[in-house]
Amino acid sequence: MDDGQGVDVRVLHVDDEPSLTDLVSIFLEREAGDVDLSVTTSNSGTDALERLRQERIDCIVSDYDMPGLDGLAFLRAVRSEHPDLPFILFTGKGSEDVARDAFQVGATDYMQKDTGTDQYTVLANRVINAVSQYRAKAASERYGTAIEVLDSGVYSLDSDARFSSVDGVFCDLTGYARSDILGKRFTDIVDDSADEITEAFETVAGSDGPDTERFEVALSPGPNYPYDDLLCEGHLAARPSEDNEVGVIGTLQDVTERRRSRDRIYYETRLKDAVLDTSTSLMGAEADELGTKIEWTLQTVGEVADLDRCSVYLYDDETNVAARMHDWQDGSHTDHPDRISLEDARWLVERLHRFENACLHSVSDLPPEASNTKQLLTTAETGGFVVVPMVSKWSLVGFAVFDVVDDGRSWTDTEVDLLRSVGNNITHTLARQRRERELRRQNDRLEEFASVVSHDLRNPLNVAKGFVELAIDEENVVHLDRALDGITRMDTLLNDVLTLARQGRKLGETDSVSLERVVNRAWKAVDTGDDAVLVIEDDLGRTPADEGRLQQAFENLFRNAVEHGSTGSQARPDDAVEPCSTSNQPSTGDAVEHGSTDEASASSSVTTVRVGPTPTGFYVADDGPGIPSNEREVVFEHGHTTSESGTGFGLSIVESIVEAHGWDVSATAPEPDLGGARFEFDFGTVRSEVEPRFSFSDD
């Protein structure tokens, strides 16, 4: 393809960044292979138009976002003077709309800038292919049979549009042997758009038609073609002959990969836009619409990515179970499991804990050691899948699953990165919601503390101040005893307020603790005298907890039961016996094993406190005066008390400790045989309202 100047292909690269044009020039000339390619540069569309008028240019590579004359305006100007000159839009500010507009104006190709140097190899190939097709078309227009081409097959058709000759490149390209293709009509090997081929042939063969016609067609490849689909671009030109018989010569080039690349660019651009739109929506989501926005995000991404299902799982590291919190599916496919025991998905979990993505074209590709994971995914009818970890504060808090039910789905690196971004966006949104919730709780706690300081502390302060003034005025130290009572009251209130603030903080490390041991320690730490007994039922079990803070909760409950029971214990039946405590007495008989109080002696002055298991936690009950049903919702509020000496913070502290563990506590109906107060603690395992265990600091 030498034009006499020693250069095969001359490229004009237009970009407003000089450093980039220099870099692209070096790589294009180096990556052109056997083709002698030379690059000249220009930093504006106006200057490039002048160069185009003065120099021979075989292909233009242009940026889009340039001052003055942008890429599309420059393309329009080029097309007004050079309708067919190869023009490749090479831009870093691309989008689906820009690509569509570029092809509508007449761009030969579109390529989005990326990181790394591999892109320049692709760009060099596209430049050479574009120049090859341009020269093939021009040559066929000028010389008929004399076609200059790089990678195009050449063929000729007779007056009946049958192949009269084909070259070796054509046979290699289509997968047909020459003997099998000669004599066939062109339309015999066309998979679709046969009418377009017929119309192009008739136009070229007609005496009144133009010299050449361009077409793009999907062919049915021959037996020697290694793939399933073959998309070709070709040109037809009239071929003059001595006997005036109609003849047509043509070129054919495989553009399947180029179309795939173009389609992939369109798809990845749409997916990027979807991820950006959903992230913007998640950032502005209010607390009451967060679930809806997350599921809208899954739907939007799932539809653009042509997925069958998307699910978000949140992980509880204490139970080693992940719960499906949000999901979307297209059609009537099987739902992902509600709960996943991570012991059943060890292969997957190992990657998630390393913060790695898990991506497979088919479940059958799983290695032998992943048999449990394979069984889990097969049961869920999963084909190809991508699972991305949800990470906050360097801790795994969950994962997002994107899958299709059929095998063979391929996942590009860009696609997986974008799906990882979706998981990150959801994680950040949940973290933001958690921070806002914690901030609201802290603000509420501050307001409550302010109320204590302004009200509860003011009364004893005024009492102490008044009696001190009386002692001074009357010179009578007797009044100081009353002042000391007020100071003691203030000291008690301050200790409770500080305890509440400290116990409400988030937990650090937890250990698996024996509830029975914690209960016994708490009972011994409370001054119960001889007026109370403890009964511990069997099977309390163990639970992950901060042992010291859990003991504080039990102490407050026991102290509350003893203080209220000592002033108003219910009378017991005459035949009742004294309850026994497993912490103080040996187990004897079925009565103790089942937590029965039938062997305890009756006494109206003895308070019985019982601790026992529930299906999802444990309870603490007593036989004191109990809590009226209309007050069970308010007993945990700061300052709520029915005792003249109480501060009203005991149960508030209990609730704060429970919330710090992620549990629930409630005042419930009394035990039938006790009739007093009953508090139920619910571990909840992984409930529908579970929150991820973000490692937020209170500092």
Side-chain angles (χ1 to χ4, degrees), residues 5 7-32 35-131 134 258 261-262 264-266 268-270 272-273 275-276 414 417:
Q5 300 178 14
V7 175
D8 287 342
V9 176
R10 296 179 63 86
V11 177
L12 174 61
H13 182 213
V14 187
D15 198 299
D16 60 326
E17 295 186 21
S19 59
L20 182 61
T21 57
D22 293 340
L23 178 66
V24 172
S25 299
I26 293 171
F27 274 97
L28 281 183
E29 293 175 356
R30 193 178 75 179
E31 299 296 330
V35 178
D36 188 1
L37 185 147
S38 175
V39 181
T40 58
T41 63
S42 178
N43 299 125
S44 72
T46 304
D47 178 67
L49 288 173
E50 288 299 320
R51 283 178 173 268
L52 192 58
R53 296 185 182 106
Q54 298 171 9
E55 303 175 16
R56 193 211 85 190
I57 299 297
D58 297 309
C59 181
I60 297 173
V61 176
S62 175
D63 191 17
Y64 166 74
D65 190 15
M66 298 184 295
L69 202 65
D70 67 21
L72 291 181
F74 175 50
L75 173 57
R76 292 188 182 94
V78 171
R79 285 289 172 257
S80 67
E81 300 180 17
H82 304 275
D84 299 315
L85 183 67
F87 189 108
I88 299 175
L89 195 65
F90 182 53
T91 176
K93 193 176 181 180
S95 69
E96 185 178 8
D97 292 338
V98 171
R100 183 182 62 247
D101 293 343
F103 285 117
Q104 287 177 347
V105 174
T108 308
D109 207 344
Y110 169 88
M111 183 172 171
Q112 193 163 357
K113 294 176 183 176
D114 202 350
T115 56
T117 59
D118 291 344
Q119 60 180 325
Y120 302 120
T121 303
V122 177
L123 180 60
N125 289 334
R126 294 193 181 188
V127 167
I128 294 172
N129 288 338
V131 173
Y134 173 68
R258 188 175 76 187
S261 178
R262 187 183 303 172
R264 185 166 58 249
I265 290 173
Y266 290 159
E268 290 177 351
T269 300
R270 290 180 59 217
K272 287 177 183 177
D273 290 342
V275 173
L276 179 60
T414 299
D417 289 343

Q: Determine whether a donor-acceptor pair (N or O, by modelled atom type, separation under 3.5 Å) exists between the side chain of R79 and the backbone of H82.
A: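 It does hold such a pair.
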Q: Are H13 and L28 side-chain neighbours, meaning at least one heavy-atom pair lies under 4.5 Å?
A: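 No, every pair of side-chain atoms sits at 4.5 Å or beyond.
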Q: Can you list everything that forms a side chain to side chain contact (heavy atoms under 4.5 Å, CB included) with D417? Sequence neighbours excluded, please.
A: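 Partners of D417 by the side chain to side chain contact (heavy atoms under 4.5 Å, CB included) criterion come out as none, since no residue qualifies.
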Q: On a heavy-atom basis, which atom in L37 and which in A32 lie closest, and how many Å separate them?
A: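 It is CB-CB, 3.6 Å.
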Q: Are the side chains of V24 and V39 in touch, meaning some heavy atoms are under 4.5 Å apart?
A: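 Result no, sub-4.5 Å side-chain heavy-atom pair not found.
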Q: What distance separates R10 CZ from D36 CG, expressed to the nearest 0.5 Å?
A: 10.0 Å
Q: In the structure I gave you, are the side-chain heavy atoms of Y120 and L23 within less than 4.5 Å of one another anywhere?
A: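 Side-chain contact under 4.5 Å: yes.
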Q: To the nearest 0.5 angstrom, please state how far the OG1 atom of T40 sits from the CG atom of L12.
A: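 Taking OG1 in T40 and CG in L12, the distance rounds to 4.5 Å.
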Q: Among residues at least two apart in sequence or on other chains, which ones pass side chain to side chain contact (heavy atoms under 4.5 Å, CB included) with E81?
A: R53
Q: List for me each residue that meets salt bridge (charged side-chain N to carboxylate O under 4.0 Å, His left out) alongside D47, sequence neighbours excluded, and say none if there are none.
A: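 Partners of D47 under the salt bridge (charged side-chain N to carboxylate O under 4.0 Å, His left out) test: R51.
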Q: Roughly how far apart are D118 CG and L123 CG, rounded to 0.5 Å?
A: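 Reported to 0.5 Å precision, the distance equals 12.5 Å.
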Q: For the pair R126 (side chain) and Y110 (backbone), establish whether a donor and an acceptor sit closer than 3.5 Å, ignoring hydrogens and angles.
A: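 Flag set: sc R126 to bb Y110 pair under 3.5 Å.
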Q: Could you list the donor-acceptor pairs under 3.5 angstrom formed between side-chain atoms of residues 65-78 and any protein atom two or more places apart in sequence or on another chain?
A:
from : atom 1 : to  : atom 2 : distance (Å)
D70  : OD1    : L72 : N      : 3.2
D70  : OD1    : A73 : N      : 2.8

Q: Among V131, L52, T108, which residue meets the side chain to side chain contact (heavy atoms under 4.5 Å, CB included) test with L85?
A: L52
Q: Can you list every pair that meets side-chain hydrogen bond (donor to acceptor under 3.5 Å, both in side chains) and has a residue in residues 20-31, with sequence neighbours left out?
A: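 Sorted pair list: E31-T121.
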Q: So, for L89 and D63, which heavy atoms are closest and what is the spacing to 0.1 Å?
A: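 That would be CD1-O, 3.8 Å.
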Q: Between CG of N129 and CD1 of I88, what distance do you get to the nearest 0.5 Å?
A: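 With rounding to 0.5 Å, CG (N129) is 9.0 Å from CD1 (I88).
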Q: In chain order, what residues pass the side chain to side chain contact (heavy atoms under 4.5 Å, CB included) check against Q119, with sequence neighbours excluded?
A: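 Q119: side chain to side chain contact (heavy atoms under 4.5 Å, CB included) contacts with F90, M111, K113, D114.
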Q: If you look at every heavy atom in A130 and P86, which pair is closest and at what distance?
A: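 So the minimum-distance heavy-atom pair works out to O-CG, 3.7 Å.
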Q: Give the minimum heavy-atom separation between N43 and D15, together with the two atoms involved.
A: ND2-O, 2.9 Å
Q: Please assess T269 against Q112 for the test side-chain contact (heavy atoms from CB on, under 4.5 Å), listing each intermediate value before the final yes or no.
A: CA-CA 10 Å; T269 300; Q112 193 163 357; 3.9 Å; yes
